[in-house]
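I have placed the structure first, in the form of structure tokens, so that the comments after it can refer back to it.
We use all heavy atoms of the structure for the numbers below, so side chains are in, but hydrogens, waters and symmetry mates are not. Sequential numbering from 1 along the given sequence is applied to the chain's residues.
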Amino acid sequence: MTLVVATVSGHKGGTGKTVVASLLSYHLSTRIGKKVLVIDLGEAGSSTTLLLEEDPGPPYISDFFLGRATWSDVIVVSNLSDNLMIVPCSGEVGPVDPTSLEYLIDRTSKHFEYIILDLPAYPGSLYDPVVGLAEVIITVFNPDFLSFQAVSTWLKRRDFFRRKLILPLLNKYFLFMGDWKDLARDEFGTVFTMPFDAALQFSFARNIGEAYKNASNRVKKDLEVLTYRLQKPLLKVTG
């Protein structure tokens, strides 16, 4: 079983990166039948909320980092699919220890085909050692200059990304915004898209399964394109 480790992050808050991480994990596990582990490193524990029916209670990822739980203690099976598991977050991750995280990934590598690291938005270098653990970096931005500039600046200041597969994702995209897609292609060499969809705003859906069910065919088509590329991490597209 070949493992692919991917990070999903934005470098400005509000880009929808946790929804992207949850959608991607759900699609891989339920539509393609892959065994997926999501490690929730977000500051609000949002992917835990979207992927589980309810808060599982401790131990959380923070308990693992503090030595209060083993790696196997913190893995929870999602009620949405037996193929989908999550290391939950209570909303208070605390210091993230990259060495401990690498150990967790190593110990679980034989049990999963994909490990998705859901990171908080960060503009600096705080989570760079965590990003360095992944082969694939999905950078999420919106059709606005602030989030676009944040991702562009982050990539330009990182030498290690040249050894990784970078998948820039233009989220909350409308088809009439073609100029943004062209701009991203000029900057990054390639770009993936995810359309704006009311079903993904969670005004009514309680979890990612309900949101996926109500999402448009365009969302599902774009997910198919992204997951197809994720399944071929050795084919580099940028750099």
Side-chain angles (χ1 to χ4, degrees), residues 4-25 27 38-44 46-47 50 93 96 98 101 114-197 200-201 218-219 222-223 225-230 232-233 235-239:
V4 175
V5 180
T7 63
V8 180
S9 183
H11 303 285
K12 177 184 174 296
T15 58
K17 53 93 188 164
T18 289
V19 174
V20 169
S22 300
L23 277 174
L24 179 62
S25 304
H27 187 83
V38 178
I39 301 178
D40 187 356
L41 298 169
E43 295 176 346
S46 296
S47 58
L50 295 180
V93 178
V96 175
L101 187 59
Y114 292 89
I115 294 179
I116 309 296
L117 307 177
D118 180 20
L119 298 179
Y122 76 103
S125 59
L126 179 62
Y127 286 92
D128 282 3
V130 174
V131 176
L133 299 175
E135 297 97 344
V136 182
I137 303 171
I138 301 173
T139 56
V140 182
F141 62 101
N142 299 146
D144 69 71
F145 285 106
L146 292 178
S147 63
F148 176 82
Q149 184 180 41
V151 167
S152 177
T153 300
W154 185 85
L155 288 174
K156 287 177 180 177
R157 294 177 178 175
R158 304 297 184 281
D159 289 333
F160 71 80
F161 92 92
R162 300 183 185 278
R163 303 187 298 273
K164 311 288 184 179
L165 172 62
I166 310 298
L167 303 181
L169 179 70
L170 177 56
N171 192 32
K172 304 179 184 178
Y173 171 72
F174 290 93
L175 290 179
F176 64 81
M177 294 177 170
D179 289 348
W180 272 104
K181 196 171 182 180
D182 293 338
L183 180 66
R185 281 175 174 160
D186 290 342
E187 181 71 13
F188 306 122
T190 190
V191 64
F192 295 81
T193 59
M194 189 67 61
F196 178 88
D197 193 312
L200 303 181
Q201 304 312 300
R218 181 73 259 173
V219 167
D222 283 352
L223 274 172
V225 173
L226 182 61
T227 52
Y228 178 80
R229 189 63 189 85
L230 190 63
K232 300 178 181 295
L235 297 178
K236 196 174 182 183
V237 295
T238 62

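Nearest heavy-atom pair across Pro129 and Pro98 is CB-CG, 3.6 Å. Of all heavy-atom pairs spanning Leu24 and Ile116, the tightest one is CD2-CD1, 4.3 Å. Across all their heavy atoms, Asn142 and Gly14 have their closest contact at OD1-O, 3.5 Å. Pairing each heavy atom of Ala121 with each of Gly13, the nearest pair is CB-N, 3.8 Å.
Remark: Gln149 CD is loosely packed, at most 12 non-hydrogen atoms of other residues, nucleotides or ligands lying under 6.0 Å away.
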Are Phe145 and Leu183 close enough, and set up right, to give a side chain to side chain contact (heavy atoms under 4.5 Å, CB included), and what steps lead you there? CA-CA 11 Å; Phe145 285 106; Leu183 180 66; 4.3 Å; yes
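Between atom CG of residue Leu155 and atom CD of residue Glu187 there is a gap of 8.5 Å, rounded to the nearest 0.5 Å. Between the CG atom of Asp222 and the CG atom of Asn171 there is a distance of 10.0 Å, given to the nearest 0.5 Å. Distance CG/Leu169 to OG1/Thr139: 7.5 Å, rounded to 0.5 Å. Here the CD1 atom belonging to Ile138 is positioned 5.0 Å from the CG atom belonging to Leu226, to the nearest 0.5 angstrom. Taken to the nearest 0.5 Å, the NZ atom of Lys181 stands 9.0 Å off from the OG1 atom of Thr190. Atom CG of Asp118 is separated from atom OG1 of Thr18 by 3.5 Å, given to the nearest 0.5 angstrom.
Counting only distance, with no hydrogens or angles, the side chain of Lys17 and the backbone of Leu119 share a donor-acceptor pair below 3.5 Å.
A distance of 6.0 Å or more separates the ring centres of Tyr173 and Phe192.
Under the ring-ring contact (aromatic ring centres under 6.0 Å, His included) rule, His11 has a single partner from Tyr127, Trp154, Phe141, Phe148, which is Trp154.
No side-chain heavy atom of Lys172 sits under 4.5 Å from any side-chain heavy atom of Thr15. Residues Val38 and Ser22 form no side-chain contact, since every pair of their non-hydrogen atoms from C-beta on lies 4.5 Å or further apart. Within the 4.5 Å cutoff, no side-chain heavy atoms of Trp180 are placed close to those of Thr193.
Side-chain atoms of Ser147 and Asp144 form a donor-acceptor pair, as typed in the model, at a separation below 3.5 Å.
Not counting sequence neighbours, Asp40 has no partner by the salt bridge (charged side-chain N to carboxylate O under 4.0 Å, His left out) test.
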